[in-house]
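Reviewing the structure listed below.
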Amino acid sequence: QFHKIVRRWATSRNSAIAHCPLSDATPKPQAMSSAAPPPPTFGGEHGQTILIERQNSMHRQPGGGVLTSPSQESLPLLKENFAYGSLGGDDRYTIRHQVVVWYIGKLDVVTSSVPMTFRVTLFWNDPGIAGMNHQQQQLDGGAGSTSATAADDVSISTTTTSTTATARKVWKMHGRRQAYPQDDIPLQSTIDVPPISIMNVSTFEIVSSPEITMLNDDTRLMRWTCMYRATVIQENLTVERFPHDIHDIQLRLAILSERNKGRRWDRRIWKLGLATAADNMHSIRVPHGLVVDTVRMPDFHYNKERNLQFQFCRLKHGLVEDESNDMYLQASLTVLRESGYYDNNIVPLLALLNVVAVSVTTMDDTDFFQRGLLTMNIAFVEIGIRMTADSHLPSVGYEIHLQKILNEFFFMLMFLVLEAMSVSVLRQYFGATAEHTKIMDWMTGIIAVSHNFYTVYNYYSAKSLGAKELKFGYTDPKQAKSL
């Protein structure tokens, strides 16, 4: 009966397939739809350029480039770090930076480096030759024009035109310092571009090619942007506090060329600053840059509320400060290691084993073999856990915090073995009474339990300190030293 039912079902199925007009021995591929493509996402290279396209569209709108209400989230930082003393408080003579981080790879402790993908964008208002000569004369006390050559000045017209989408030019880079209109012959009508330098990279590559655009013809607002994939060197990287180590992933940007007196980007005139909401037209949540929400750093997490921190630092060459008092921009992201594997598995298990080992002090003080054997069995279990944990530890030449914690647990077990031997020798060879050896056992048990609680507290206090630093961005020196 079963075989009949199966044959009947197969016959009816084949009959239904035979009457289906699309049935075939092999499934037919579906034709490509000519409908509109799906809405864009923030994945891949398209996601890394969508902010630039959004800026372009916002500046093309009527009144583009005129914005008087910067983002509320950026106001505190802009008031402090917008520019470190631009000439006469005029933000037109600032090179304004924006950094957007799209990827952070695995931190390499041995080489003190981390792979990153990030976009650097520069904004500045090009003054033309007349504007530069006027500022030079102000700095030189009205002595006349500067000694800069014509090649160091901007050689395009300073005549302003209305802001329209058709009048806006797209420029193409010619080397690192100049750009020319895309539909023009190089060096016929060029514009100078600030030569950005990334100070702490070992290797890097450029994704696609740099883009430069005049966003606003009236204010001559220029934007240069480029995407980088780089191996970023992290100075003074240490994992002494592993697994609760906290790091500042730093990216350092500077304008190093043409900064001398009379040159195109004279440091007396052009100061470094942070991009504003007027530059970005609210195309990004924080005008001067951030880490994209989708970024996940392996083995680490960061505070999305604090996000990237920007600071202007004095430029140094080796151990000597630059006499020119020039500055560089440091963008840093504070990250804390994910320590759940050790917090919830390794350390609680070792603490429990040590508490169990204290129970051997209640055994007969003359039976050293049994007491020592049980304690050593617990020690061998801890050695196995230690070997498993060591396989996950970073390979460095100094003792890290977790190794110190593991050693404390193991040393206490060896102390219990030595104490068991001592009371046995005192009882059998020196005539000590049972009351005296029992007091020694109780004191040893109290010391072992107290030491166990201290070790656990020392470990988890480092965790709370790391969480505090991640949230507030500062360290208590005394507590950090005690750890």
Side-chain angles (χ1 to χ4, degrees), residues 239-245 339-393 396 398-467 476 478-483:
V239 290
E240 290 182 352
R241 292 169 53 184
F242 183 94
H244 303 124
D245 49 320
S339 58
Y341 173 75
Y342 304 96
D343 298 343
N344 304 325
N345 295 281
I346 302 299
V347 173
L349 182 58
L350 294 177
L352 180 61
L353 288 174
N354 272 40
V355 171
V356 173
V358 175
S359 64
V360 301
T361 58
T362 61
M363 297 176 61
D364 185 9
D365 54 4
T366 60
D367 195 356
F368 167 66
F369 177 78
Q370 292 295 332
R371 294 178 62 171
L373 181 63
L374 290 176
T375 308
M376 291 302 297
N377 285 338
I378 296 176
F380 288 139
V381 173
E382 288 197 1
I383 291 175
I385 298 174
R386 171 68 180 268
M387 295 180 65
T388 302
D390 281 344
S391 63
H392 298 277
L393 301 183
V396 293
Y398 49 85
E399 184 183 37
I400 64 178
H401 186 58
L402 182 62
Q403 290 175 332
K404 181 179 179 180
I405 295 296
L406 297 177
N407 290 338
E408 292 287 341
F409 285 124
F410 185 78
F411 292 159
M412 181 50 62
L413 293 180
M414 298 300 99
F415 174 74
L416 292 176
V417 174
L418 294 177
E419 190 274 339
M421 179 200 67
S422 300
V423 295
S424 177
V425 169
L426 290 175
R427 184 71 185 276
Q428 296 182 18
Y429 298 101
F430 293 93
T433 62
E435 289 77 10
H436 290 155
T437 56
K438 186 57 64 178
I439 293 175
M440 292 180 60
D441 286 337
W442 277 101
M443 292 180 61
T444 301
I446 294 174
I447 293 174
V449 171
S450 301
H451 179 269
N452 198 47
F453 277 108
Y454 171 76
T455 304
V456 172
Y457 170 78
N458 193 14
Y459 175 82
Y460 285 103
S461 62
K463 178 182 178 180
S464 61
L465 177 62
D476 185 354
K478 295 182 179 180
Q479 191 173 2
K481 184 177 181 180
S482 67
L483 296 177

_Minimum-distance pair of heavy atoms, taken over all atoms of His401 and Ala462_ = NE2-CB, 4.0 Å
_4.5 Å side-chain heavy-atom contact, Met363 and Leu374_ = yes
*asked:* Applying side chain to side chain contact (heavy atoms under 4.5 Å, CB included) to Val425 and Phe368, what does each step give before you reach the verdict?
replied: CA-CA 9 Å; Val425 169; Phe368 167 66; over 6 Å; no
_Please enumerate all residues that pass side-chain contact (heavy atoms from CB on, under 4.5 Å) together with Glu399, with sequence neighbours excluded._
Gln403, Lys404, Asn407
_Rounded to the nearest 0.5 Å, what separates atom CG in Asn345 from atom CD1 in Ile385?_
10.0 Å
*Could you tell me which residues satisfy side-chain hydrogen bond (donor to acceptor under 3.5 Å, both in side chains) with Ser424, sequence neighbours excluded, listed by chain and number?*
Gln428
_Testing the basics here: between Ala432 and Thr437, what is the closest heavy-atom pair and its distance to 0.1 Å?_
CB-CG2, 4.2 Å
*Can you sort out the partners of Ser391 under side-chain contact (heavy atoms from CB on, under 4.5 Å), two or more places apart, ordered by chain and number?*
none
*With sequence neighbours excluded, what pairs up with Asp343 under the salt bridge (Lys or Arg N to Asp or Glu O under 4.0 Å) test?*
Lys463
*To the nearest 0.5 Å, what is the distance between OG (Ser461) and NE2 (His244)?*
9.0 Å
*According to the ring-ring contact (aromatic ring centres under 6.0 Å, His included) rule, which pairs have a member within residues 369-392, sequence neighbours left out?*
Tyr341-His392
Atom pairs and distances, side-chain donor-acceptor, residues 347-355, under 3.5 Å, sequence neighbours left out:
residue: Asn354; atom: ND2; partner: Phe409; partner atom: O; Å: 3.1

*Please collect all salt bridge (charged side-chain N to carboxylate O under 4.0 Å, His left out) contacts where either partner lies in residues 424-439, sequence neighbours excluded, each pair once.*
Asp365-Arg427
_Residues in ring-ring contact (aromatic ring centres under 6.0 Å, His included) contact with Phe242, at least two apart in sequence or another chain_ = Tyr342
_Separation of Asn452 CG from Ile447 CD1 (nearest 0.5 Å)_ = 13.5 Å
*Can you measure from OH (Tyr457) to OG (Ser464) and round to the nearest 0.5 angstrom?*
7.0 Å
*Write down the atom of Val423, the atom of Ala420, and the distance for their closest heavy-atom approach.*
CG2-O, 3.2 Å
*Distance, nearest 0.5 Å, that separates OG1 of Thr388 from CD1 of Ile383*: 12.0 Å
*Over 12 non-hydrogen atoms of neighbours within 6.0 angstrom of CE in Met414*: yes
*Tyr398: what forms a side-chain hydrogen bond (donor to acceptor under 3.5 Å, both in side chains) with it, not counting sequence neighbours?*
Thr238
_Nearest-0.5 Å distance that lies between atom CG in Asn458 and atom CD1 in Ile405_ = 5.0 Å
*For His451 and Glu408, does a side-chain donor sit closer than 3.5 Å to a side-chain acceptor?*
yes
*Taking all non-hydrogen atoms of both residues, which atom of Leu402 and which atom of Pro243 are closest, and how far apart?*
CB-CD, 3.9 Å
*Can you list every salt bridge (charged side-chain N to carboxylate O under 4.0 Å, His left out) pair that touches residues 345-360, not counting sequence neighbours?*
none
_Pairs satisfying side chain to side chain donor-acceptor pair (under 3.5 Å), at least one member in residues 369-385, at least two apart_ = Arg371-Glu419, Arg371-Asp441
*Check: Glu240 and Ile400 side chains under 4.5 Å, non-hydrogen atoms*: no
*Smallest separation among heavy atoms of Ala448 and Leu416, with atom names*: CB-CD2, 4.2 Å
*Listed by chain and number, what are the salt bridge (Lys or Arg N to Asp or Glu O under 4.0 Å) partners of Asp390, not counting sequence neighbours?*
Arg386
